[in-house]
Amino acid sequence: MNTKKIFTDSEIEIKPIYTAQDIPDHTIELPGSFPYTRGVQEDMYRGKLWTMRQYAGFSTAEESNKRYHYLLSQGVMGLSVAFDLPTQIGYDSDHELSEGEVGKVGVAIDSLEDMELLFKDINLEEVSTSMTINATGFILLAFYVALAKNQGANLKNIAGTIQNDILKEYAARGTYIYPPKASMRIITDIFEWCSIHLPKWNTISISGYHIREAGSTAVQEIAFTLSNGKAYVKAALEKGLNIDVFGKRLSFFFNAHNHLFEEIAKFRAARKMWAVIMKSLGATDEKALMLRFHTQTGGATLTAQQPLNNISRVTIQTMAAVLGGTQSLHTNGFDEAFSLPTEEAARIALRTQQIVAFESGAADTVDPLAGSFFIESLTNDVEQKAWELIQKIDDMGGSVSAIENGFMQDEIAKSAYEYQRKIENQEKIIVGVNKFTIDKETPIPGFKIDDTIRNIQSAKIAALKANRNAEKVSESLKAITIAASSTQNLMPLVISAVENHCTIGEIADCLRDVFGEYK
């Protein structure tokens, strides 16, 4: 037999063959029962398919609205909104730091008027909306709530998610505004307000996706993500919130990469580990113990070389997410290594999910790979290595301390370096990049954003400011400033401010004045 050793990117050795001896203590669990390794529902996709989302947002609210209507017409079950960088870090489009970035990596949202245009002719009671927004997540949620009220919707029926995961921004992504302590206060204010007024809303999507995109391994992705989750839960408990109430509205966001089996094992291990963590923190309600997660296929795995190969990569990643039991899925467009997805690429990405759902048989039975010697052994290995990392973080005082000490950032950087070194040495083959290359690439047209978007948005802001009630604006912003210096919940005041036509930049600046900025 070939004695060559093979390892996953998490340095888990893959044996040539697996037998029952590799899982000697294995107990057969049932789906829908603690610790939920096999899934959070008894019938999983036989009862209801995962929510098929397509992440979209670019240019102006009007342009993004057209793409949303197109995606809904093609069978998308839920919307997923991408915001531009100024929106993500709390600058209006007319701010000098916004130049060159307005509408580029997502849609520009400066005011309630933009939110109204973004969801024009879309009934918020009939659609589930995920918003990938963190530092300004509370303001975008306020826009969404104000819009729902304007539509006459019952807030008890409004469903969706804000990412609202600031710890991974410090560790891996960088779109933070305020220092960690102030950011955690805002997040727990959201937990508290939504538990009363927006009970179907997922108040946080604790993200491993961006940790993985920054170069982590699969094991680091779940270890760091679950550690961050513990930090949010502890902050909410310190605020006096009920873990069995807010725990039901916590959700997670994971990446799906190309190692089919390690990814499936990762999802299964994460469910089991979170159930154990929540139980240890005092949760008793079954729904508060369940790890529910959205998955996005791996952006960092897409190649600009031979981009049509990315369709195959996304298909493998889709299968990993589905066989791993995801609740919601976004599939990347094949052209996203060099541009925002074209309409055609977005449609093919959605069709990939639909083919897996309706043609592959992967959704026909719950946790189809359960009992596989390989999968069960690999699930155990991933879990064990992730617990070891979590223990290191706990010994440092938890995620906030680990981030402040640079531990997570250093670990991710080391893994990213090692991954790139293996590609350059051809220890790891990337088809079309370091092997099976072609001399001449056929150019594929990308999706380009016009630089005049900033002028359009700036004109909108000028018109808004000329026509709004300046006195109400001043009162609203003053109320937020005063509340920020106390323990008063900020959400009602921010909702009132957006209803009085304050802009995202004005509200973010109020809190910059009180909390300062994280450097």
Would a line drawn from the ring center of Y36 to the ring center of W274 be shorter than 6.0 Å?
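No: the rings miss the under 6.0 Å criterion.
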
Are Y170 and Y518 an aromatic pair, judged by ring center distance below 6.0 Å?
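Distance test on ring centres: under 6.0 Å, yes.
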
Would you say [X] and [Y] make side-chain contact, with heavy atoms under 4.5 Å?
{"X": "Q74", "Y": "L71", "answer": "no"}
{"X": "K435", "Y": "V431", "answer": "no"}
{"X": "S130", "Y": "R53", "answer": "yes"}
{"X": "Q88", "Y": "V105", "answer": "yes"}
{"X": "Q353", "Y": "Q54", "answer": "yes"}
{"X": "K266", "Y": "V219", "answer": "no"}
{"X": "E424", "Y": "N434", "answer": "no"}
{"X": "L124", "Y": "L147", "answer": "yes"}

Does a side-chain N-to-carboxylate-O contact under 4.0 Å join [X] and [Y]?
{"X": "E383", "Y": "R268", "value": "no"}
{"X": "E62", "Y": "K460", "value": "yes"}
{"X": "D43", "Y": "K48", "value": "no"}

What is the ring orientation for [X] with [Y], classed by angle as parallel under 30°, tilted 30 to 60°, or perpendicular over 60°?
{"X": "H210", "Y": "F253", "value": "perpendicular"}
{"X": "F261", "Y": "F374", "value": "tilted"}
{"X": "W201", "Y": "Y144", "value": "tilted"}
{"X": "F267", "Y": "F254", "value": "tilted"}

Hey, is the main chain of Y18 close enough, under 3.5 Å, to the side chain of D22 for a donor-acceptor pair?
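Not confirmed, D22 side chain does not pair with Y18 backbone.
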
Have Q457 and R454 got a donor and an acceptor in their side chains that come within less than 3.5 Å?
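R454 and Q457 do not have a side-chain donor-acceptor pair below 3.5 Å.
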
Atom pair [atom1] ([X]) and [atom2] ([Y]), whose distance is rounded to the nearest 0.5 Å:
{"X": "T318", "Y": "W50", "atom1": "OG1", "atom2": "CH2", "answer": "8.0 Å"}
{"X": "L167", "Y": "N134", "atom1": "CG", "atom2": "CG", "answer": "10.0 Å"}
{"X": "Q306", "Y": "I438", "atom1": "CD", "atom2": "CD1", "answer": "4.0 Å"}

Passing option when N255 is tested against E213, E221, Q296 for side chain to side chain donor-acceptor pair (under 3.5 Å):
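Testing each of E213, E221, Q296 against N255, the sole residue satisfying side chain to side chain donor-acceptor pair (under 3.5 Å) is E213.
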
Test salt bridge (charged side-chain N to carboxylate O under 4.0 Å, His left out) on K385 and E388; report intermediate values, then the result.
CA-CA 5 Å; K385 286 177 78 79; E388 288 168 8; 5.5 Å; no

Closest heavy-atom contact between S216 and S415?
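Minimum heavy-atom separation between S216 and S415: CA-CB, 4.2 Å.
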
